[in-house]
Participant: 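Have a look at the structure that comes next, please.
The chain is numbered in sequence order, starting from 1.
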Amino acid sequence: MDNGMWGYQATSGYQAGIELTGFRVEATDGHIGKVDEHSAEVGAQYIVVDTGPWIFGKHVLLPAGTILSVDTANQTVQVGRTKDEIKDSPEYQPDKHNGDADYRNQVGTYYGGLL
């Protein structure tokens with residue numbers, strides 16, 4: 001199930017068909033928001049996190065490769081990034097995400113560079 005940055009890690013506990021929308025999202029240093037949407041498309045897996053008031057209602061795109069674990073019992077997604085790393089990420093641009101390879105590369109490079 002590992003597709004690099006745009007695939008769920010085999011150790012994450014994610015299973016095809018799990019609906020992540022609404023799950024709490026936890027960074028390595030605390031709560032950052034809830035999953036607003038997610039994709040399970042092979043090679044293009046991600047979650048979009050609504051950070052609410054934490055960083056002024058910003059939505060952030062997190063490639064599935066940043067997810068450490070999915071806890072379905074507690075409806076929680078743990079990501080392997082800090083709040084500051086997520087806050088400083090490229091702005092989520094839904095109009096560019098699906099059709100702009102440069103935008104996707106920018107996001108993937110940002111998170112991949114933090115490994």
Side-chain angles (χ1 to χ4, degrees):
M1 200 177 333
D2 186 349
N3 292 311
M5 187 55 56
W6 296 99
Y8 291 96
Q9 299 176 39
T11 57
S12 71
Y14 176 79
Q15 296 176 0
I18 294 175
E19 176 58 52
L20 298 178
T21 303
F23 277 36
R24 284 178 57 90
V25 181
E26 299 289 330
T28 58
D29 55 353
H31 178 72
I32 60 164
K34 291 193 178 251
V35 177
D36 192 48
E37 67 178 84
H38 78 102
S39 167
E41 182 181 331
V42 175
Q45 298 167 326
Y46 63 87
I47 60 174
V48 175
V49 180
D50 178 355
T51 63
W54 171 60
I55 50 175
F56 309 110
K58 181 178 177 180
H59 283 75
V60 292
L61 176 71
L62 297 175
T66 64
I67 295 173
L68 297 176
S69 66
V70 175
D71 181 345
T72 55
N74 293 310
Q75 296 192 335
T76 303
V77 174
Q78 179 73 43
V79 296
R81 300 296 186 268
T82 66
K83 290 179 176 182
D84 283 341
E85 288 170 340
I86 293 166
K87 181 179 74 172
D88 294 340
S89 69
E91 183 80 33
Y92 174 56
Q93 298 178 18
D95 57 323
K96 286 189 171 186
H97 170 66
N98 290 323
D100 186 338
D102 288 338
Y103 172 71
R104 182 180 151 134
N105 288 337
Q106 177 188 14
V107 172
T109 298
Y110 175 79
Y111 286 110
L114 296 174
L115 293 176

Participant: So do V25 and V35 actually touch side chain to side chain, heavy atoms under 4.5 Å?
Facilitator: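 Yes. Closest side-chain heavy atoms under 4.5 Å.
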Participant: Drop me the distance from K83's NZ to D88's CG, to the nearest 0.5 angstrom.
Facilitator: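 Going from the NZ atom of K83 to the CG atom of D88 covers 13.5 Å.
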Participant: Are S39 and E41 close enough that a side-chain donor and a side-chain acceptor fall under 3.5 Å?
Facilitator: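 No.
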Participant: Do the side chains of L68 and F23 join up, straight or via other hydrophobic residues, at under 4.5 Å, putting them in one cluster?
Facilitator: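 They do not share one cluster, since no chain of ILVMFWY contacts under 4.5 Å joins L68 to F23.
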Participant: Please report the shortest heavy-atom distance between R81 and A27, naming the atom on each side.
Facilitator: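 For R81 and A27, the tightest heavy-atom pair comes out as O-CB, 3.1 Å.
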Participant: Run through V79, I47, V77 and flag the one making a side-chain contact (heavy atoms from CB on, under 4.5 Å) with T66.
Facilitator: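 That would be V79; it is the only one of V79, I47, V77 passing the side-chain contact (heavy atoms from CB on, under 4.5 Å) with T66.
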Participant: Heavy-atom distance under 4.5 Å between the side chains of E37 and Y46, does that happen here?
Facilitator: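 The answer is yes; the side chains approach within 4.5 Å.
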Participant: Measuring from atom CD1 of I86 to atom CG of L61, what distance do you get when rounded to the nearest 0.5 angstrom?
Facilitator: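 Here the interatomic distance stands at 11.5 Å.
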Participant: Starting at CD of Q93, measure out to CZ of R104 and round the result to the nearest 0.5 Å.
Facilitator: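 Result: 15.5 Å between the selected atoms.
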Participant: In a check of side-chain contact (heavy atoms from CB on, under 4.5 Å) between Y92 and each of V107, D36, V48, T51, which one passes?
Facilitator: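 The single option meeting the side-chain contact (heavy atoms from CB on, under 4.5 Å) with Y92 is V48.
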Participant: Return the minimal non-hydrogen interatomic distance between K34 and R24, and the atom names on each side.
Facilitator: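 Closest pair (atom of K34, atom of R24, distance): NZ-CG, 4.3 Å.
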Participant: Does the side chain of Q45 reach to within under 4.5 Å of the side chain of H38, using non-hydrogen atoms?
Facilitator: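 The answer is no; the side chains never approach within 4.5 Å.
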Participant: Flag the pair Y8 / Q15 as yes when at least one side-chain heavy-atom distance between them is below 4.5 Å, and no otherwise.
Facilitator: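 No; the side chains remain at least 4.5 Å from each other.
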Participant: Do K58 side-chain atoms and K87 backbone N/O form a donor-acceptor pair below 3.5 Å?
Facilitator: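 Present.
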Participant: Using only atom types and a distance under 3.5 Å, with no angle test, would you say the side chain of Y14 pairs donor to acceptor with the backbone of G7?
Facilitator: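 Side chain of Y14 to backbone of G7: no pair is present.
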Participant: Counting distance only, does the side-chain N/O of Y111 pair as donor-acceptor with the main-chain N or O of M5 below 3.5 Å?
Facilitator: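 A pair under 3.5 Å: no.
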Participant: Got D71 and Q78 here, is their nearest side-chain heavy-atom distance under 4.5 Å?
Facilitator: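 Not in contact.
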Participant: Between Q9 and T11 (side chain of the first, backbone of the second, donor and acceptor by atom type, cut-off under 3.5 Å), is there such a pair?
Facilitator: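 Checked: no pair found.
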